[in-house]
Amino acid sequence: MQKTEGEESKAENEEVKQVTLMTSDGVKMKVEISIVYEMEIVRSFIEVNDADHSVPFPLPNVSSHTLDLIIELVKNEYDDEFMKTFSHDELKEVLVAANYLNMKTLLDFIATAIANLLEKKSVEFIRNFFNIVNDFTPEEEAEIRKTNEWVFQDLDED
Amino acid sequence: MNNHTLLVLPPEVIREILLRLPVKSLLRFKSVCKSWLSLISDPQFGISHYDLAATPTHRILLRSNDFYAQSIDTKAPFIDHEEGTLCLLRAVHLLLPPPSPPRIPDFFHFDDFRNQPHILGSCRGFVLLYYERGDDLILWNPSIGVHKQLPHFQYDSITREFLYGFGYDPSKDDYLITSIPFSCPFSAENEIHVFSFKTASWNNVPVNIPYSDPGNCLAVRAGSLFNETLHWLVLSKEKKVPIILAFDLVQRSFSEISLLDHLTMEKRRVCGLRVMGGCLSLCYSVEGSAVTEIWMMKEYKVQSSWTKFIIIPTCDFYPICITKDSGIFGSDMRSLEKYNDKGELLEHRTWCTRRVVLLCQSTVCKV
């Protein structure tokens with residue numbers, strides 16, 4: 001993905017149909033308008049304001065690395081093989097960004113991928129994956145587990 | 001960029017993941033933390049999870065005795081090779097909700113059998129149980145153990161009616177029981193009774209029902225639910241041929257669905273109706289041979305779309321569902337059986353199966 005530090009002329013942007021986005025780490029990225037249109041939050045702004053596409057649209061919650069991953073996913077039409085190269089942190093970052101940018105197809109794709117990854121995992125794995133602190137007392141937790149013992153069978157190795 | 005910051009996901013994003021998990025995982029993840037427990041137990045979450053149907057899982061449910069039902073994963077092998085032959089079917093035992101005490105003290109214990117619940121049907125993860133003695137109707141979600149009891153249902157005995165069924169009307173968010181009594185032989189006028197769980201009352205709709213019992217097993221009397229419509233196999237009095245009677249729970253109206261013509265005639269006798277693989281399906285016994293043919297209506301209400309799906313080399317076969325490799329899971333009342341797509345027996349287990357319902361698991365708890 002092309003990254004530009006300086007201003008581009010308006011005429012050139014219209015020709016290639018790109019929108020400049022500014023990520024949380026201050027990187028300006030020129031993104032094809034077809035990809036930007038999947039981002040409802042940006043699309044609605046552009047459509048309402050008929051904005052000058054050369055003025056960077058700020059995305060304070062999305063890093064340049066995450067935006068790169070999102071652009072590649074959309075370009076590759078949500079390729080499973082590409083997604084499988086993601087780390088757990090990358091998966092979570094893309095999910096949070098998809099939610100923030102209101103990208104429905106991407107949100108469904110990545111949430112499904114994470115659900116498939118977690119389906120057969122243990123409770124301990126889940127807590128680690130999401131950095132969740134167990135706020136049950138041992139008695140409370142034992143009580144909840146007791147109601148459905150069968151659901152703790154056939155799990156993946158952590 | 002610092003890759004080691006601990007990213008905490010907002011609750012709405014966690015919800016998106018949980019909505020796409022099967023019920024078994026959700027039940028396990030109730031013990032992750034308090035906020036997950038309350039999210040997974042939330043009534044609205046249960047409905048959204050069911051409606052999204054990202055990972056529907058089916059289990060069959062059968063009653064094992066007065067106190068327990070058994071639930072069996074239709075996808076799991078009959079014998080678990082990891083744990084040896086002792087682990088047959090991996091049946092999960094579920095404590096049935098208790099009936100209310102009988103209204104009239106039971107001095108004579110001749111009718112102990114009446115304490116056993118009938119499993120009348122299943123819909124959206126709920127199972128409808130009926131206890132004759134206390135006249136109780138209980139709507140029960142076995143996956144989450146939630147139940148709602150309607151004592152003194154005030155209906156003589158629903159299981160002795162001509163036709164009955166259990167379903168859901170999405171337009172009113174209401175669970176319904178439909179009961180059609182045997183018609184008087186001298187009159188075609190009749191009434192259909194529709195019970196609403198929301199209003200806890202019966203509605204009687206006068207209706208012309210020129211049908212009779214096709215004259216075989218009792219299981220036919222329980223309606224097969226497909227979308228918002230209940231279906232029964234009946235005999236048209238006028239034409240003297242078996243047809244499918246459909247009752248739309250939203251419109252509250254009847255329609256007829258024709259069987260394939262040449263089948264209604266010679267050498268084949270229709271013996272069962274099911275909903276499988278998103279289609280109405282019929283079982284036929286074939287005269288002079290010990291096989292069961294299963295036909296599917298590939299397009300709903302399109303008579304020409306009836307297609308022979310599989311031939312099972314046994315009579316009295318009762319299909320339950322289609323397996324993921326296009327085979328079939330069913331029973332012959334003595335055992336549970338799995339066949340592949342060519343009709344070859346893959347697995348079987350002796351298992352007393354009188355009334356079996358297919359349960360689509362859900363965490364829906366709001367009735």
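Chain letters run A, B, ... following the sequence lines, proteins first, then strands; residues in each count from 1.
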Where does Leu26(B) contact chain A at under 4.5 Å (heavy atoms): side chain, backbone, both or neither?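 Contact with chain A: none, neither part.
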| field | Segment of Leu37(B) engaging chain A (4.5 angstrom heavy-atom cut-off) | value |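 Only the side chain of Leu37(B) comes within 4.5 Å of chain A.
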Would you mind telling me which of [options] has the largest number of heavy-atom pairs within less than 4.5 Å of chain B?
options	value
Leu118(A), Ile126(A), Val96(A), Ile114(A)	Ile126(A)
Glu140(A), Glu149(A), Lys121(A)	Lys121(A)
Ser122(A), Ala113(A), Ala111(A), Ser87(A)	Ala111(A)

Does NZ or CZ of Lys92(A) lie under 6.0 Å from the centre of the six-membered ring of Phe129(A), at an angle within 45° of the ring axis?
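Yes.
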- Task: Validate the cation-pi geometry between Arg59(B) and Trp150(A): distance from NZ or CZ to the six-membered ring centre under 6.0 Å, angle to the ring axis within 45°.
- Result: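 Flagged: Arg59(B) positioned over aromatic ring of Trp150(A).
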Counting only heavy atoms not in Lys120(A), do more than 12 sit closer than 6.0 Å to its NZ atom?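 No, the 6.0 Å shell around NZ holds no more than 12 heavy atoms from other groups.
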Q | Engaged part of Asn134(A) at the chain B interface, taking heavy atoms whose separation is under 4.5 Å | A |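 When you check distances to chain B, atoms from both the backbone and side chain of Asn134(A) fall under 4.5 Å.
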*By a 4.5 Å heavy-atom criterion (distance strictly below it), what part of Asn148(A) contacts chain B: side chain, backbone, both, or neither?*
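Asn148(A) touches chain B through side-chain heavy atoms alone.
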#### Entry: For chain A, the option from Ser35(B), Pro22(B), Ala54(B), Pro10(B) that forms the most heavy-atom pairs under 4.5 Å
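The residue among Ser35(B), Pro22(B), Ala54(B), Pro10(B) with the greatest pair count is Pro22(B).
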For the residue pair Tyr175(B) and Phe166(B), does the interplanar ring angle fall in the parallel (under 30°), tilted (30 to 60°) or perpendicular (over 60°) class?
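Parallel, since the angle between the ring planes stays under 30°.
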TODO: Check whether the ring centres of Phe82(A) and Tyr78(A) lie less than 6.0 Å apart, and answer yes or no.
DONE: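 Ring centres of Tyr78(A) and Phe82(A) not closer than 6.0 Å.
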For Asp25(A) and Ser64(A), run side chain to side chain donor-acceptor pair (under 3.5 Å): C-alpha distance rounded to whole Å, both residues' side-chain angles, the deciding distance at 0.1 Å, then the answer.
CA-CA 7 Å; Asp25(A) 43 342; Ser64(A) 57; 2.6 Å; yes
